[in-house]
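For reference, the structure discussed in these notes is given below.
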Amino acid sequence: QVQLVESGGGSVQSGGSLTLSCVASLRTRGGYCIGWFRQAPGKEREGVAAIEWDGSTSYLDSVKGRFTISQDNAKNTLYLQMNNLEPEDTAMYYCAAGSCSMLAPPAYYYVPYLENWGQGTLVTVSS
């Protein structure tokens with residue numbers, strides 16, 4: 001069983017920045033990705049960003065240019081640097097792991113089939 005533990009959420013004003021972290025009990029390998037999802041109240045859970053073992057990344061269109069996903073393999077830690085945050089980014093953010101085809105944002109269809117999730121960390125952006 002993969003264990004994923006997120007941290008780093010908080011409350012910021014519009015235009016602010018936050019960095020989320022996820023400590024994972026796995027390392028990505030070919031075809032396997034780890035990534036970030038988010039779920040706002042009343043909305044579907046959506047994939048935000050994903051990264052493969054070779055560093056290849058993919059992003060949700062609405063966060064491109066503002067969010068950066070990265071991983072530190074030595075620390076088994078995944079990061080999400082979020083800049084220029086907007087109120088629309090307010091959500092619970094989750095770390096997830098699975099095949100790269102399932103994690104590619106927005107990944108709405110695959111959310112019910114992903115088995116490895118963290119507990120989530122809340123991000124609140126005020127205007």
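Every value quoted in this text rests on a predicted model; they were computed, and no experiment measured them. Both backbone and side-chain heavy atoms feed into the values below; hydrogens, waters and symmetry mates do not.
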>> Tyr59 vs Thr68, test: side-chain contact (heavy atoms from CB on, under 4.5 Å). Steps then yes/no.
In response: CA-CA 8 Å; Tyr59 294 93; Thr68 302; 3.9 Å; yes
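- Proximity of a side-chain donor or acceptor of Ser56 to a complementary backbone N or O of Asp54 within less than 3.5 Å is not detected.
- Residues satisfying the side chain to side chain contact (heavy atoms under 4.5 Å, CB included) criterion with Glu86, sequence neighbours excluded, are Arg66, Glu88, Asp89.
- Tyr94 and Ile34 are assigned to two separate hydrophobic clusters, defined by single-linkage of ILVMFWY side chains at heavy-atom distances under 4.5 Å.
- Neither Phe37 nor Leu4 shares a network with the other; the hydrophobic side chains, linked directly or stepwise wherever heavy atoms of I, L, V, M, F, W or Y lie under 4.5 Å apart, form separate groups for each.
- To the nearest 0.5 Å, atoms OG (Ser101) and OH (Tyr32) are separated by 11.5 Å.
- Separation of atoms CG (Asn76) and CD (Gln3) is listed at 12.0 Å; rounding is to 0.5 Å.
- To the nearest 0.5 Å, atom SG of residue Cys95 and atom CD of residue Glu6 are 5.5 Å apart.
- The side chain to side chain donor-acceptor pair (under 3.5 Å) check on Ser127 picks up nothing, with sequence neighbours excluded.
- Counting heavy atoms from C-beta on, the side chains of Leu78 and Trp36 come closer than 4.5 Å.
- No path of Ile, Leu, Val, Met, Phe, Trp and Tyr side chains, each step under 4.5 Å between heavy atoms, connects Val2 with Tyr79, placing them in separate hydrophobic clusters.
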>> Run the side-chain contact (heavy atoms from CB on, under 4.5 Å) test on Met82 and Val123 for me, step by step, so that the C-alpha distance in whole Å, both residues' side-chain angles and the decisive distance to 0.1 Å come before the verdict.
In response: CA-CA 10 Å; Met82 304 185 294; Val123 173; 3.8 Å; yes
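- Across Gln39, Met92, Arg38, a single residue satisfies side chain to side chain contact (heavy atoms under 4.5 Å, CB included) together with Arg45, and that is Gln39.
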Could you tabulate the donor-acceptor pairs under 3.5 Å formed by side-chain atoms of residues 102-117, not counting sequence neighbours?
residue	atom	partner	partner atom	Å
Tyr108	OH	Glu46	OE1	2.9
Trp117	NE1	Leu114	O	2.8

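- You'll find the side chain of Phe67 stays beyond 4.5 Å of the side chain of Thr57, heavy atoms only.
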Kindly list each side-chain donor-acceptor pair under 3.5 angstrom involving residues 7-23, sequence neighbours excluded, with atom names and distances?
residue	atom	partner	partner atom	Å
Ser17	OG	Asn83	OD1	3.0
Thr19	OG1	Gln81	OE1	2.4

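- Counting only distance, with no hydrogens or angles, the side chain of Thr90 and the backbone of Val125 share a donor-acceptor pair below 3.5 Å.
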